[in-house]
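Every value quoted in this text rests on a predicted model; they were computed, and no experiment measured them. In what follows, every heavy atom counts, from backbone to side chain, and hydrogens, waters and symmetry copies are set aside. FYI, the numbering just counts along the sequence from 1.
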Amino acid sequence: MTATVPETDAGTDTTRTPADFWFDPLCPWAWMTSRWMLEVEKVRPVDVRWHAMSLAVLNEDKLDTLPEEYATFLRDAWGPIRVVVAAQQKHGEEYVGRLYTALGTRFHNQGLPKTRETIVAALEEVGLPADLADYADSDAYDTELRASHKEGIDKVGQEVGTPVIAVPGDDGEQIAFFGPVVTPTPRGADAAKLWDGTLMVASIPGFYEIKRTRTQGPIFD
């Protein structure tokens, strides 16, 4: 099975490839990968479809065994993703990626706190009502959040996190993978090169992992 890897750039191919992307707004590495995917849309005929997943859901059964700092991070992770899912359910899919960008820019690039005030500012930027921030402390749409999370994580297994990306292969079956984990955001030709290479290795049956030690943290630009 091989992935559909267009040889042309985004402006010369009329066949668009859907790329499903599962994210948690609090994960800085998912944020880096998501900004790369926006670059990929410019240089390959790819359309990103955004979906919610949750590091809090992924790790909820391990909370008592995790370092306190990470456990606190996971408790804080419920609020923003709940707001994203509430926006999706009440106002439509088209707001998911836009709200993710507004939240992620504030959380990661600007280093703002994960507070109601920050969430409200992100909502207002994309034209959504401020009272959606109330859902940060509500489980009203947790069923939908868990379903979206399960859809993404079931494609790659429980041993990974966010992001998860899935694209159609030549046979119509999805090729799914965690990552790539990269910093800074590849742009232009580098974005295309990473996309093509990632799909090439991910399409090989039985291929599981390439990895090396991280020597720097996310570089937000």
**Report entry** Short side-chain to backbone donor-acceptor contact, Ser203 and Met200, under 3.5 Å
**Finding:** yes
Query raised in the report: Would you say the side-chain atoms of Thr162 pair up with the backbone N or O of Trp22, donor to acceptor, closer than 3.5 Å?
Result: yes
Requested in this report: Please indicate whether Glu69 has more than 12 foreign heavy atoms, meaning atoms of other residues, nucleotides or ligands, lying under 6.0 Å from its CD.
Outcome: no
Requested in this report: Please work out whether the ring planes of His91 and Tyr95 are parallel, tilted or perpendicular, with thresholds of 30° and 60°.
Outcome: perpendicular
Query raised in the report: So is Arg116 actually on top of Tyr135's ring, under 6.0 Å and inside 45° of the axis?
Result: no
Query raised in the report: What class does the angle between the rings of Trp195 and Trp36 fall in, given that below 30° is parallel, 30 to 60° is tilted and above 60° is perpendicular?
Result: tilted
Query raised in the report: So, does Thr118 use its side chain to make a donor-acceptor pair with the main chain of Lys114 at under 3.5 Å?
Result: no
Query raised in the report: What heavy-atom pair brings Ile165 and Met37 nearest, and what distance separates the two atoms?
Result: CD1-SD, 4.0 Å
Query raised in the report: Can you tell me if Glu41 uses its side chain to pair, donor with acceptor, with the backbone of Val48 under 3.5 Å?
Result: yes
Query raised in the report: Quick one: is the NZ or CZ of Arg75 closer than 6.0 Å to the six-membered ring centre of Trp78, and within 45° of its axis?
Result: no
Requested in this report: Kindly compute the distance separating CG (Asp24) from CD1 (Ile81), expressed to the nearest 0.5 Å.
Outcome: 5.5 Å
Query raised in the report: Do the ring centers of Phe23 and Trp31 come within less than 6.0 Å of each other?
Result: no
